[in-house]
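Report on the structure given below.
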Amino acid sequence: MGDYEAHGHIARQLGLPVPREGEFVSAWVVPVAPGAGKPVAEMDGGLWSLASPEDPEHPAPMLPSHLPTEASSEHGDGPRRR
């Protein structure tokens with residue numbers, strides 16, 4: 001996941017750090033059924049959760065693609081002055 005609003009939303013839902021401008025967060029996820037009892041995020045038309053070591057491998061979901069948020073440009077030392 002990168003510094004896109006939709007990716008940040010997914011990261012928050014899964015309890016992961018939200019990527020800031022220029023950052024990426026990766027996680028191993030697996031499909032889950034509703035009511036799995038753990039944090040889930042909707043991706044690629046299904047529900048996904050962080051995998052456990054005993055989970056089988058599964059093709060990764062497609063992440064939504066969007067433009068970086070304006071908020072992501074606010075990280076750092078504040079507005080740049082000329």
Val32 backbone acceptor or donor facing Ser49 side chain under 3.5 Å: no
Side chains of Leu47 and Pro34 in contact at under 4.5 Å (non-hydrogen atoms): yes
Cluster companions of Leu16 among Ile, Leu, Val, Met, Phe, Trp, Tyr (side-chain spacing under 4.5 Å):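 Via sub-4.5 Å side-chain contacts, Leu16 links to Met1, Ile10, Leu14, Val25, Val29, Met43, Trp48, Leu50, Leu63.
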Ala51 to Val30 - nearest heavy-atom pair and separation: CB-CG1, 3.7 Å
Residues which pass side-chain hydrogen bond (donor to acceptor under 3.5 Å, both in side chains) with Gln13, listed by chain and number, not counting sequence neighbours: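 In terms of side-chain hydrogen bond (donor to acceptor under 3.5 Å, both in side chains), with neighbours along the sequence ignored, Gln13 is linked to His9.
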Residue list, side-chain hydrogen bond (donor to acceptor under 3.5 Å, both in side chains) with Asp44, at least two apart or on another chain: none
Under 3.5 Å, which donor-acceptor pairs do the side chains of residues 53-62 form with other protein atoms, sequence neighbours left out?
from: Asp55; atom 1: OD2; to: Ser52; atom 2: N; distance (Å): 2.7
from: Asp55; atom 1: OD2; to: Ser52; atom 2: OG; distance (Å): 3.4

For Glu23, all residues meeting side-chain contact (heavy atoms from CB on, under 4.5 Å), sequence neighbours excluded: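 In terms of side-chain contact (heavy atoms from CB on, under 4.5 Å), with neighbours along the sequence ignored, Glu23 is linked to Pro19, Arg20.
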